Amino acid sequence: YYMAKKDFLEGAINHFKHQETRIIEVPEWNLIGEDAIYVKPFTLLEKDEIFKGNNTSLTVLIDVIVKKSLDKNGDKMFDLEAKIKMKRFVDPDVLSRVASEILGTNTSSEDLKKN
């Protein structure tokens, strides 16, 4: 009889599928409570798009924020126009912190709330 080949990738796909949407608050931007940023985990494809040929420029931080920031309904918070304005009018230290948090390379919003 035929035995189905075991799918060794299934566990990895299920793990990713069940990762939580993270909620990031940015008090400086008044994005708190209902207006906080909702972030789904990055796919490798998304990370590749963001960092391809762009990895030395700080504008990559803005790309991260624009690409991954969703409102509570799952709609994008920022568009191309916002990207241009962020480069000129937004505090780079806050941009950096928010992008790091979205990328998961910083303390979580839960850690920040405890402080």
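Keep in mind it's a predicted model, so treat the numbers as computed, not measured.
In this structure, OH on Y38 lies 9.0 Å from CG on N73, to the nearest 0.5 angstrom. The distance from the CD1 atom of I84 to the CG atom of D79 is 8.5 Å, given to the nearest 0.5 Å. Residue K76 holds its NZ atom at 6.5 Å from CG of L70, rounded to the nearest 0.5 Å. Rounded to the nearest 0.5 angstrom, I13 CD1 and H18 NE2 are separated by 12.0 Å. Distance check, rounded to the nearest 0.5 Å: OG of S100 to CG of L61 gives 6.5 Å. Note that the NZ atom of K40 and the OG1 atom of T21 stand 4.5 Å from one another [nearest 0.5 Å].
Listed by chain and number, the residues in a side chain to side chain donor-acceptor pair (under 3.5 Å) with K87 amount to none (sequence neighbours excluded). By the side chain to side chain contact (heavy atoms under 4.5 Å, CB included) test, P92 is found to be paired with no residue, residues two or more places apart in sequence or in another chain being considered. Not a single side chain to side chain contact (heavy atoms under 4.5 Å, CB included) links E20 to another residue, sequence neighbours left out. For K85, the salt bridge (Lys or Arg N to Asp or Glu O under 4.0 Å) partners at least two apart in sequence or on another chain are E81. Applying the side chain to side chain contact (heavy atoms under 4.5 Å, CB included) rule to E10 yields the partners D7, N14; only residues at least two apart in sequence or on another chain are considered.
At a threshold of 4.5 Å between non-hydrogen side-chain atoms, the residues M86 and V66 count as touching. Counting heavy atoms from C-beta on, the side chains of K83 and D63 come closer than 4.5 Å. Side-chain atoms of L31 and E25, non-hydrogen and from C-beta on, never get closer than 4.5 Å to each other.
Closest non-hydrogen pair, K68 versus P41, comes out as NZ-O, 3.2 Å. The shortest heavy-atom contact between A36 and I24 is CB-O, 3.5 Å. Across every non-hydrogen atom of K47 and L103, the tightest pair is CE-CD2, 4.2 Å. In plain terms, the two heavy atoms of A99 and V64 that are nearest each other are O-CG1, 3.9 Å.
Under the 3.5 Å distance criterion, the side-chain polar atoms of T43 are matched with a main-chain donor or acceptor of E46.
Pairs of residues two or more places apart, or lying in two chains, that qualify as side-chain hydrogen bond (donor to acceptor under 3.5 Å, both in side chains) and include a residue from residues 27-36 are E28-R97, E34-K72.
The environment of L44 atom CG is sparse: at most 12 non-hydrogen atoms of other residues, nucleotides or ligands sit within 6.0 angstrom.
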